[in-house]
Amino acid sequence: MTADRPDADRPGTGRPSAGRPSAATPKGEQRRAAVLDAARHVLVTSGGAELTMRAVAQAAGVRLGNLQYYFPSRTELLAALLDSVLAGALERIAGLAPAPGGGGADPGAALESVLADHEDPDLVRLFTEVWAMAAHDADAAAAVTAFYAAYADRVATFIRAHAPDTTPEEARTRAEVFLMLMEGAALFRSGIAGRPAAPTEARLRRVLLGLLEGRGGMG
């Protein structure tokens, strides 16, 4: 009976129910990560409309009550999922971070690193679902906006490290154009919307590389 202990099933109370590891323990973190993996699977395979607590619990192979111990509501689950997805994306663009005392990765190598994400159709589908949720969910929109602001900051810093004469305003503009091209290209380069022809791919790479190197006119 837990009627006298209303917070017994809540994370962070210091009194986890029997058989349930605290969310702060290594085992609890593993289970939390497994739930987020299940949520990601539901989102990629079934879409945001099917991302319900019951669907995620079923995909994770846990009872709904166990899922709610880690994520009491769909809003909290969605927020944690977005944090996980977007944090992972920022980790993958680590090559765009300036090295201490230097200019960071070679622009060509950095470009190849970020383009590699396009080779994973499931990852691109995941982002298309995140974009769709952001269109009608304020919390999702805020998370996506913050992610792209951080991404643009990183790209702009990279550009200035390799082209010191570039003004902060110009670097930011180039960074935002770079992101727009990258995200639009993802649908094609992943094969979801058809593969680009070789000349198109070559032109895209030249334009993206020119943006990272801070060279070439932008109109």
Side-chain angles (χ1 to χ4, degrees), residues 7 9-14 16 20-97 113-114 116-118 120-158 175-176 178-180 182-183 186-187 190:
D7 60 355
D9 288 339
R10 299 285 293 184
T13 63
R20 290 177 181 171
S22 167
T25 66
K27 190 171 182 179
E29 287 297 328
Q30 289 176 0
R31 290 192 177 181
R32 188 176 185 277
V35 169
L36 290 177
D37 285 344
R40 176 175 176 147
H41 174 75
V42 171
L43 187 60
V44 170
T45 59
S46 302
E50 300 301 319
L51 188 68
T52 65
M53 296 290 278
R54 289 188 182 279
V56 172
Q58 183 175 7
V62 301
R63 294 179 179 177
L64 180 59
N66 287 341
L67 171 62
Q68 291 172 322
Y69 170 71
Y70 295 101
F71 303 102
S73 69
R74 182 180 182 275
T75 297
E76 291 176 72
L77 173 62
L78 178 57
L81 176 60
L82 287 174
D83 284 346
S84 174
V85 170
L86 301 180
L90 285 177
E91 287 179 8
R92 288 192 299 276
I93 62 170
L96 291 175
S113 176
V114 295
D117 276 357
H118 295 176
D120 184 351
D122 282 350
L123 182 61
V124 176
R125 289 190 185 95
L126 177 65
F127 268 88
T128 59
E129 292 297 336
V130 168
W131 297 334
M133 286 190 293
H136 55 77
D137 184 302
D139 291 334
V144 170
T145 298
F147 164 71
Y148 282 112
Y151 196 163
D153 286 344
R154 187 164 296 185
V155 175
T157 298
F158 183 91
E176 291 178 354
F178 179 86
L179 295 188
M180 292 175 187
M182 282 287 297
E183 300 304 73
L187 289 174
S190 65

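Between Asp139 and Glu76, every side-chain heavy-atom pair lies at or beyond the 4.5 Å cut-off. By the 4.5 Å heavy-atom criterion applied to side chains, Tyr70 and Leu77 are not counted as neighbours. For the pair Val62 and Tyr69, the minimum side-chain heavy-atom distance is 4.5 Å or more. At least one side-chain heavy atom of Leu43 sits less than 4.5 Å from a side-chain heavy atom of Val130.
If you take OG1 on Thr45 and CD on Glu50, they are separated by 9.5 Å, rounding to the nearest 0.5 Å. Rounding to the nearest 0.5 angstrom, the gap separating the CE atom in Met53 from the CG atom in Leu67 is 4.0 Å. Between atom CZ of residue Phe178 and atom CZ of residue Phe158 there is a gap of 8.5 Å, rounded to the nearest 0.5 Å.
Here the side chain of His41 pairs no donor or acceptor atom with the backbone of Ala60 at under 3.5 angstrom. When atom types are taken as modelled, the side chain of Arg32 and the backbone of Phe71 share no donor-acceptor pair closer than 3.5 angstrom.
Checked against salt bridge (charged side-chain N to carboxylate O under 4.0 Å, His left out), Asp83 has no partners two or more places apart in sequence or in another chain. The side-chain contact (heavy atoms from CB on, under 4.5 Å) check on Thr52 picks up Arg54, Ala55, with sequence neighbours excluded. Qualifying side chain to side chain donor-acceptor pair (under 3.5 Å) partners for Glu129, counting only residues two or more places apart in sequence or in other chains: none. Residues satisfying the side-chain contact (heavy atoms from CB on, under 4.5 Å) criterion with Ala140, sequence neighbours excluded, are Leu82, Met133, Ala134, Asp137. Remark: Thr128 pairs with Val124, Arg125, Trp131, Leu187 by the side-chain contact (heavy atoms from CB on, under 4.5 Å) rule, at least two apart or across chains. Residues satisfying the side chain to side chain donor-acceptor pair (under 3.5 Å) criterion with Glu183, sequence neighbours excluded, are Tyr148. Among residues two or more places apart in sequence or in another chain, the side-chain contact (heavy atoms from CB on, under 4.5 Å) test is passed with Asp37 by none.
Nearest heavy-atom pair across Arg74 and Leu51 is NE-O, 2.6 Å. Annotation for Ser84 and Leu36: closest pair CB-CD1, 4.3 Å, computed over non-hydrogen atoms.
No more than 12 heavy atoms of other residues, nucleotides or ligands shown are found within 6.0 angstrom of CD on Gln58.
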Verdict with supporting geometry, Arg40 and Leu123, side chain to side chain contact (heavy atoms under 4.5 Å, CB included): CA-CA 10 Å; Arg40 176 175 176 147; Leu123 182 61; 3.6 Å; yes
